[in-house]
Amino acid sequence: MAEPQPRPVLITGAGRRIGLALAHHFLNQQQPVIVSYRQHYPSIDTLREAGAVCLQADFSSDDGILTFAEAVKAQTSGLRAIIHNASDWMAEKPGVPLSTVISRMMQIHVHAPYLLNHALESLLRGFGHAASDYVVERGSDKHIAYAASKAALDNMTRSFARKLAPEVKVNAIAPSLIMFNEHDDAEYRKQALDKSLMKIAPGEKEIIDLIDYLFTSCYVTGRSFAVDGGRPLR
C-alpha cells in the first residue's frame, strides 16, 4: 500500500527573499509546497519547475484573500502549515493620506493572515501550524502604521494559538535585518549593521533553522520569536 503524500506547506509572498528561500528549503526536503506571489518573477518559474504549486494572489482586498483561499482548497485537502510571509512596507510621508497608509498596512499584515487562518482552518486541523517584526515592542516614529499592524499580528498570534490548540500550534517570528537588497549601498549597510549588537546580516538560514525547530516542536505555541541580533539592546 502506497504511503500517503505529505501535506503541503503554504507560504505566502514566496517570490523573493526569505519566502523564496523557505520554499526551496522545503522542496529540497521532498515537502510539497504551495506559494502565493503578487508579482511574477523568474524565481516563480524556477519554483514551478522544482514542483511547487504557485498561485498568483492579490491581498490588497478581502475578496482577493478569500479567492486565494478557495484556490488553495482546490489544490489540497490538508495543509502541514501556513507561513504568513507576505509583507508590505509603507511610511507616513507628505502627499500620502494617512488613511491610505494604515489601511494598506493593516490589509496585508492583519486582514490576510486573519482571513486565511479562518478560511483554511479545516485544512490545518489534525496536523498543522499557522506561522511580526522588531518594531512591535519599540514602535516607530517614521512607520507608525507599519508598527501598529505588526503589533496587531503579534496579538493575533496569541489569539489563534488559543483558538486552535491543541491541534494546531501558532507562532510568530519577528525578524530585523536578515539580509540586504542588492541595491543597498555600503553606507546604508554600515548604518543598518551598527543598529544591532551582532553587527551582521545573518541571511535566510537563520529563519529557516528557527522554522525547522518550530515544525519539530510539539509544545511551543502562542510565542513571538525575535530574530534581531540584540537590536533592542543598542
Side-chain angles (χ1 to χ4, degrees), residues 4 6-14 17-36 72 76 78-87 108-110 112-138 147 149-179 196-198 200 202-233:
R7 296 183 177 191
V9 172
L10 172 61
I11 307 171
T12 64
R17 295 171 61 81
I18 293 174
L20 178 62
L22 283 168
H24 280 295
H25 171 70
F26 287 121
L27 289 169
N28 289 338
Q29 295 181 331
Q30 307 303 309
Q31 168 69 56
V33 170
I34 300 174
V35 307
S36 80
V72 171
T76 183
L79 289 171
R80 171 72 172 85
I82 302 174
I83 300 176
H84 295 290
N85 175 72
S87 186
I108 189 69
H109 299 138
V110 180
Y114 177 79
L115 292 176
L116 287 177
N117 281 357
H118 279 293
L120 302 177
E121 177 180 339
S122 62
L123 275 63
L124 285 171
R125 289 284 187 187
F127 187 16
H129 309 257
S132 83
D133 205 304
Y134 162 66
V135 295
V136 166
E137 294 183 4
R138 189 181 181 197
S149 69
K150 289 295 188 172
L153 179 59
D154 179 67
N155 184 270
M156 199 161 63
T157 296
R158 292 188 285 275
S159 296
F160 271 110
R162 294 188 63 173
K163 172 180 171 56
L164 300 179
E167 292 178 83
V168 179
K169 298 187 289 97
V170 184
N171 293 289
I173 298 174
S176 177
L177 186 59
I178 298 301
M179 55 200 298
S196 77
L197 293 179
M198 302 310 293
I200 61 170
E204 60 269 23
K205 188 176 184 300
E206 197 75 12
I207 304 299
I208 290 171
D209 288 347
L210 177 52
I211 288 179
D212 278 345
Y213 162 71
L214 292 174
F215 270 36
T216 58
S217 170
C218 63
Y219 197 53
V220 177
T221 193
R223 309 305 300 174
S224 289
F225 293 81
V227 185
D228 55 25
R231 187 167 176 165
L233 303 177

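Because the structure is a prediction, the values reported are computed rather than measured.
- When the shell of 6.0 Å around CD of Glu121 is examined, it contains more than 12 heavy atoms from other residues, nucleotides or ligands.
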Starting from the C-alpha separation in whole Å, work towards a yes-or-no answer on side chain to side chain contact (heavy atoms under 4.5 Å, CB included) for Lys150 and Ser224.
CA-CA 11 Å; Lys150 289 295 188 172; Ser224 289; over 6 Å; no

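- Counting all heavy atoms, side chain and backbone alike, Pro113 lies closest to His84 at CA-CE1, 3.5 Å.
- A pairwise comparison of heavy atoms in Leu214 and Lys169 identifies O-NZ, 2.7 Å as the closest pair.
- Atom CD1 of Ile83 is separated from atom CD1 of Ile34 by 12.5 Å, given to the nearest 0.5 angstrom.
- Taking CG from Leu10 and CG from Leu120, the interatomic distance works out to 6.5 Å, rounded to the nearest 0.5 Å.
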Run the side chain to side chain contact (heavy atoms under 4.5 Å, CB included) test on Thr12 and Leu116 for me, step by step, so that the C-alpha distance in whole Å, both residues' side-chain angles and the decisive distance to 0.1 Å come before the verdict.
CA-CA 10 Å; Thr12 64; Leu116 287 177; 4.1 Å; yes

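- Residue Arg80 holds its CZ atom at 14.5 Å from CG of Leu123, rounded to the nearest 0.5 Å.
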Given Ile211 and Phe26, is the side chain to side chain contact (heavy atoms under 4.5 Å, CB included) satisfied, shown in steps?
CA-CA 11 Å; Ile211 288 179; Phe26 287 121; 4.0 Å; yes

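- Scanning both residues, Ala161 and Thr221, for their nearest heavy atoms gives CB-OG1, 3.7 Å.
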With side chain to side chain contact (heavy atoms under 4.5 Å, CB included) as the criterion, how do Asp212 and His25 come out once you've worked through the C-alpha distance, each side chain's angles and the decisive distance to 0.1 Å?
CA-CA 10 Å; Asp212 278 345; His25 171 70; 3.0 Å; yes

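- Distance CD1/Ile207 to CD1/Ile178: 4.0 Å, rounded to 0.5 Å.
- Between the side chain of Arg7 and the main chain of Thr76, no donor-acceptor pair closer than 3.5 Å is present.
- Scanning both residues, Thr157 and Arg223, for their nearest heavy atoms gives CG2-O, 4.1 Å.
- Once rounded to the nearest 0.5 Å, the distance linking CZ of Arg17 with CE of Met179 reads 5.0 Å.
- When all heavy atoms of His109 and Ala86 are compared, the pair lying nearest together is CD2-O, 4.3 Å.
- Taking both residues in full, the closest heavy atoms of Leu177 and Pro202 are given as O-CD, 3.6 Å, listed atom of the first, atom of the second, then distance.
- For the atom pair CG of Asp154 and OG of Ser149, the computed distance is 11.5 Å after rounding to the nearest 0.5 Å.
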